Amino acid sequence: MTITITAFERSPDGGKGLARDMRVRWALEEVGQPYDVRLLSFKAMKEPAHLALHPFGQIPTYEEGDLALFESGAIVLHIAERHAGLLPDDTNARARAINWIFAALSTMEPPIVDREIARFLEGDKSWYEERLSMVLGRIRKRLSDLSARLGDANWLDGEFSAGDLQMVSVLLRLKGSGMLDEYPNLSAYVARGEARPAYKRAFDAQLAVLTAASTG
Ligand SMILES: N[C@@H](CCC(=O)N[C@@H](CSCc1ccc([N+](=O)[O-])cc1)C(=O)NCC(=O)O)C(=O)O
C-alpha cells in the first residue's frame, strides 16, 4: 500500500533537513520503502482536513491504508518495526535500540529545543542571557554523558539502528552552534549518519521541495 507523509510546502529550516519529516524520510530510505509526500502550507496545517490527522496541526504525519499516525518518533518506530534495517532481530538488542530512541527524544532533545526557544523567542527578555547560559550548561551535560557512552564506537549499540537515526537527527539541530565540535567523537558520529546513502537521499528529497518552491 502507498505510504504518504506530510511535510512543509516551504520549510522554515531553509532546506537544512531539520524539520521532522526528514527523520521519517530517512527511516523510509533506510528500509527501502517508497513514499509520497503531501506538502502543506502553514494555513493548511491548521485546517480541519489536516487536524483530523494531526490534533496539533503539525507535520509530519504518516498514512498507509487505513492507518494514520503522527509524532515522528512513533512513525519512525512503526517503520522500524514493519521493515528490516532499523532494529536488530535479537530481542534484547532490539529493546536497547528502542531505549536509545527514547533517550534521543526524551533526554537529549528537550534542552536542545529549549536553546532554540530561548534564542528565537526570548532574546528580548531581561533574563535571556542568564537563562541561555543555564540551558547551554544542560546541553553540555547531556553531550558529555553521551560522548562518554559512545566512546570510539561507530553507533550507540552495535549496528546502526533507529536509535542512532533519532540521536543523529537530534544532534544535527546543534550543527550550527559549534557545541558539537567540543565533542569530537559526537561530531564524527553525526558525520557518519550524514554519510549514509539513505540520509543523503532523504536530505536531497527534502531540499528538492524547497528548491522547487523557490524556483516555482
Ligand atoms: N513531536 C512532534 C513535533 C512535530 C513538529 O514540531 N512539527 C513542526 C515541524 S518540525 C519542527 C521544526 C520546525 C522548524 C525547524 N527549523 O529549523 O526551521 C526545525 C524543526 C511543525 O509542524 N511546526 C508547525 C507548527 O507547529 O505549526 C514530532 O516529533 O512529530
Side-chain angles (χ1 to χ4, degrees), residues 3-30 35 37-64 67-82 86 98-123 132 135 139 161-180 190 193-194 199 202-214:
I3 294 170
T4 303
I5 70 170
T6 51
F8 282 125
E9 189 175 66
R10 186 183 286 268
S11 177
D13 71 358
K16 293 190 187 75
L18 298 176
R20 292 174 189 232
D21 61 293
M22 176 66 197
R23 302 175 188 191
V24 175
R25 291 174 184 271
W26 186 5
L28 288 166
E29 292 289 354
E30 287 286 350
Y35 63 96
V37 185
R38 185 164 62 252
L39 299 173
L40 297 176
S41 64
F42 276 97
K43 178 175 177 293
M45 291 160 70
K46 309 303 180 193
E47 290 171 352
H50 187 64
L51 287 171
L53 276 179
H54 198 310
F56 308 114
Q58 295 182 310
I59 59 99
T61 56
Y62 172 101
E63 295 165 273
E64 184 181 13
L67 174 66
L69 295 174
F70 63 98
E71 282 300 336
S72 59
I75 296 168
V76 167
L77 180 56
H78 173 74
I79 292 164
E81 287 177 331
R82 289 281 311 282
L86 282 173
I98 291 170
N99 183 145
W100 280 112
I101 292 176
F102 283 87
L105 302 179
S106 305
T107 298
M108 185 56 76
E109 191 157 48
I112 292 173
V113 171
D114 209 12
R115 169 181 169 272
E116 294 173 6
I117 292 168
R119 291 178 68 240
F120 295 125
L121 300 176
E122 299 170 349
L132 181 63
V135 169
I139 295 173
S161 78
D164 294 296
L165 185 152
Q166 291 287 20
M167 190 63 84
V168 168
S169 297
V170 165
L171 294 177
L172 275 166
R173 295 186 81 153
L174 286 175
K175 197 170 180 185
S177 72
M179 295 180 83
L180 277 185
V190 169
E194 291 178 289
Y199 177 92
F203 185 89
D204 291 347
Q206 64 83 35
L207 181 58
V209 172
L210 196 83
T211 306
S214 306

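On a predicted model such as this, the values are computed, not experimentally measured, just so you know. As the structure lists them, so they are numbered: ligands from 1, and atoms in each ligand from 1.
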- Query: If you round to the nearest 0.5 Å, how far is CZ of Arg38 from CG of Asp21?
  - Reply: 13.0 Å

- Contacts of Lys46 that satisfy side chain to side chain donor-acceptor pair (under 3.5 Å) - sequence neighbours left out: none

- Query: Measuring from the heavy atoms of Lys46, does anything fall under 4.0 Å of ligand 1?
  - Reply: yes

- Query: Is Arg173 near ligand 1, meaning one of its heavy atoms is under 4.0 Å from it?
  - Reply: yes

- Atoms in ligand 1 with a heavy atom of Met45 nearer than 4.0 Å: 22 (O), 24 (C)

- Note on the structure: heavy-atom search around atom 29 (O) of ligand 1 in the protein gives Ser72 OG, 2.6 Å

- Set of residues satisfying side chain to side chain contact (heavy atoms under 4.5 Å, CB included) with respect to Glu109, sequence neighbours excluded: Arg20, Arg23, Leu105, Val113, Val170, Arg173

- Query: How far is atom 1 (N) of ligand 1 from its nearest protein heavy atom, and which residue and atom name does that atom have?
  - Reply: Glu71 OE1, 2.7 Å

- Task: Would you check the N or O atoms of Leu18, main chain and side chain alike, for any that come under 3.5 Å of an N or O of ligand 1?
- Result: no

- Message: Please list the nearest protein heavy atom to atom 7 (N) of ligand 1 with its residue and the distance rounded to 0.1 Å.
- Response: Ile59 O, 2.8 Å

- Can you list the atoms of ligand 1 that are under 4.0 Å from a heavy atom of Pro60? 30 (O)

- Query: With a 4.5 Å limit on heavy-atom distance, are the side chains of Glu64 and Thr4 in contact?
  - Reply: no

- Within less than 4.0 angstrom of ligand 1, does Phe70 place any heavy atom? no

- Task: Looking only at protein heavy atoms, identify the closest one to atom 26 (O) of ligand 1 and say how far it is in Å.
- Result: Gln58 NE2, 2.9 Å

- Task: Classify the ring geometry between Phe8 and Phe42 as parallel (under 30°), tilted (30 to 60°) or perpendicular (over 60°).
- Result: tilted

- Message: Please report the interatomic distance CD(Glu30) to OH(Tyr199), rounded to the nearest 0.5 Å.
- Response: 11.5 Å

- Query: Considering only the protein, which heavy-atom contact is closest to atom 23 (N) of ligand 1, and what is its distance?
  - Reply: Phe8 CZ, 3.8 Å

- Query: Heavy atoms, side chains only, cut-off 4.5 Å: are Gln58 and Phe70 in contact?
  - Reply: no

- So which protein heavy atom does atom 11 (C) of ligand 1 come closest to, and at what separation? Arg20 NE, 4.1 Å

- How far is atom 15 (C) of ligand 1 from its nearest protein heavy atom, and which residue and atom name does that atom have? Asp13 CB, 4.2 Å

- Quick one: which ligand 1 atoms are inside 4.0 Å of a heavy atom on Pro12? 14 (C), 18 (O)

